[in-house]
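Worksheet for the structure shown next.
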Amino acid sequence: MNITINGEAAIIDPLTVLECLEQLGIDPRRVAVELNREILPKGAYPGTALKEGDSIEIVHFVGGG
Amino acid sequence: MLEKNDKLIIAGREFDSRLMVGTGKYADFPQMVAAIEASGAQIITVAVRRVNITDRNKESLLDHIDLKKYTLLPNTAGCYTAEDAIRTCRLAREAGLSDFVKLEVLGDEKTLFPNNEELLKAAAVLIKEGFTVLPYTSDDPIVCRRLEDLGCAAVMPLGAPIGSGLGIRNPYNLRIILDTVKVPVIVDAGVGTASDAAIAMELGCHGVLMNTGIAGAQDPIAMALAMNLAVRAGRLAFRAGRIPMKLHANASSPLSGLIA
């Protein structure tokens, strides 16, 4: 299945958002996720399945002024 | 004791420190942590960026910050449109579970001056969505008043361009802004050394926000302490009420009782 993660094309097995984060080694508590440009609340990660063509943004806090 | 009853209040939240510091440009996380500690700041800014998917070994900023001790102020640095800034704020709220945001919408890469038209547009939307908006703005009293009218919790005019270290270039505009708005006025950007921070506070500004002035110093931890002291000294001097400036001398010692 083809999706876009942070602007990069990716091929993944069918997964939920939570499973996708776990596979990428990302702690879900420390990030925010946009699915097709809509904020996905943290509580929805386990129940949201990624679909062909989805675009997902995963962001976190970094140093800044 | 004199400082005890002088809290900075932003959107009903009280802070003892009037210095806000950034978390960017440090050599490493331990240096950043030590500098923040020395600064005495309680509000610290962070940026929102994509997680690096290919290199997951990098340490996370939040592993180094005690969230019980500090209030995070996510910024929208790098955003040039209201739309991007709004999107970044929504992500920040989801990542940090707080509605405090430092809203900045930049005009161009060379000056990093604000695009106030987009800033006002973004502020209006975010305030409707329940964000506590602290906008980085030009030192323009009219824009500051419009930001206050929209419901911003503070206004954050620049002292000089971001990262320039040029200090407080237009103290008169800051005074007019202080006269124009009722929300806290926090000088954001331009501070290069301790006296710059003290000048901002002596003018009556309610706080100062800085990053490069500390992180870019040769000894960031020492500079963080210098800024901590300067902000407090400047605030105390403002509250104490300085003497008027006079052209001619005014002797400090009695004129009577001089020997022959």
Side-chain angles (χ1 to χ4, degrees), chain A, chain B residues 20-26 28-29 32 36 44-65 67 72-78 83 87-97 102 104 112 129 136 162-163 188-189 209-216:
Chain A
M1 185 171 87
N2 296 293
I3 66 165
T4 305
I5 306 175
N6 286 357
E8 304 280 336
I11 300 168
I12 59 161
D13 297 327
L15 295 168
T16 65
V17 170
L18 182 62
E19 288 164 345
C20 176
L21 292 175
E22 281 167 353
Q23 260 194 23
L24 292 166
I26 294 168
D27 181 346
R29 292 168 304 174
R30 291 283 167 86
V31 297
V33 173
E34 245 185 13
L35 180 58
N36 302 324
R37 291 183 76 99
E38 292 289 331
I39 296 282
L40 192 65
K42 284 197 196 311
Y45 296 173
T48 305
L50 291 166
K51 299 184 303 294
E52 175 76 24
D54 274 349
S55 178
I56 181 169
E57 287 281 343
I58 308 164
V59 303
H60 65 161
F61 292 137
V62 300
Chain B
M20 305 176 189
V21 297
T23 52
K25 296 185 177 176
Y26 285 99
D28 50 40
F29 284 127
M32 176 195 79
I36 294 172
I44 58 177
T45 60
V46 294
V48 178
R49 290 293 179 270
R50 281 174 166 167
V51 172
N52 187 336
I53 301 299
T54 47
D55 177 15
R56 291 300 308 134
N57 294 321
K58 279 193 184 158
E59 287 180 287
S60 161
L61 175 72
L62 291 191
D63 293 335
H64 297 270
I65 291 171
L67 294 173
L72 290 186
L73 182 61
N75 69 29
T76 61
E83 190 192 349
R87 200 176 157 202
T88 302
C89 288
R90 289 172 181 156
L91 282 164
R93 176 156 69 181
E94 190 59 29
L97 305 171
K102 171 183 160 177
E104 53 183 293
L112 300 180
E129 293 184 13
Y136 157 72
I162 294 173
D188 178 5
L209 194 163
M210 64 181 79
N211 188 351
T212 310
I214 293 174

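Throughout, a chain's letter reflects where its sequence line sits, starting with A, and its residues are numbered from 1. None of the values given here were measured: they were computed from a predicted structure.
- Interface remark: B:Ala92 contributes backbone and side-chain atoms alike to the contact with chain A (heavy atom separation under 4.5 Å).
- A pairwise comparison of heavy atoms in B:Ala47 and B:Asn75 identifies CA-OD1, 3.4 Å as the closest pair.
- Here B:Thr23 pairs with B:Met32, B:Ile36, B:Ile44, B:Val46, B:Leu61, B:Ile65 under the side-chain contact (heavy atoms from CB on, under 4.5 Å) rule; sequence neighbours left out.
- Residue contact with chain A, scored on non-hydrogen atoms closer than 4.5 Å, is absent for B:Asp188.
- The contact between A:Ile58 and chain B is made by backbone and side chain atoms together, counting heavy-atom distances below 4.5 Å.
- Among A:Glu34, A:Glu8, A:Lys42, the residue with the largest count of heavy-atom pairs under 4.5 Å with chain B is A:Glu34.
- Between chain A and the options B:Arg90, B:Met210, B:Arg87, the largest number of non-hydrogen pairs under 4.5 Å is found for B:Arg87.
- Of the possible polar contacts, one joining the A:Glu52 side chain to the A:Asn2 backbone as a donor-acceptor pair under 3.5 Å is found.
- Looking at B:Lys25, there are no atoms closer than 4.5 Å to chain A (heavy atoms on both sides), in backbone or side chain.
- Nearest heavy-atom pair across B:Arg49 and A:Val62 is CG-CG2, 3.5 Å.
- Taking every heavy atom of both residues into account, A:Ile3 and A:Gly53 meet most closely at CG2-N, 4.4 Å.
- Closest of all the heavy-atom pairs between A:Asp54 and A:Lys51 is OD2-N, 2.7 Å.
- Put simply, of B:Val21, B:Leu91, B:Thr45, the one with the most heavy-atom pairs under 4.5 Å next to chain A is B:Leu91.
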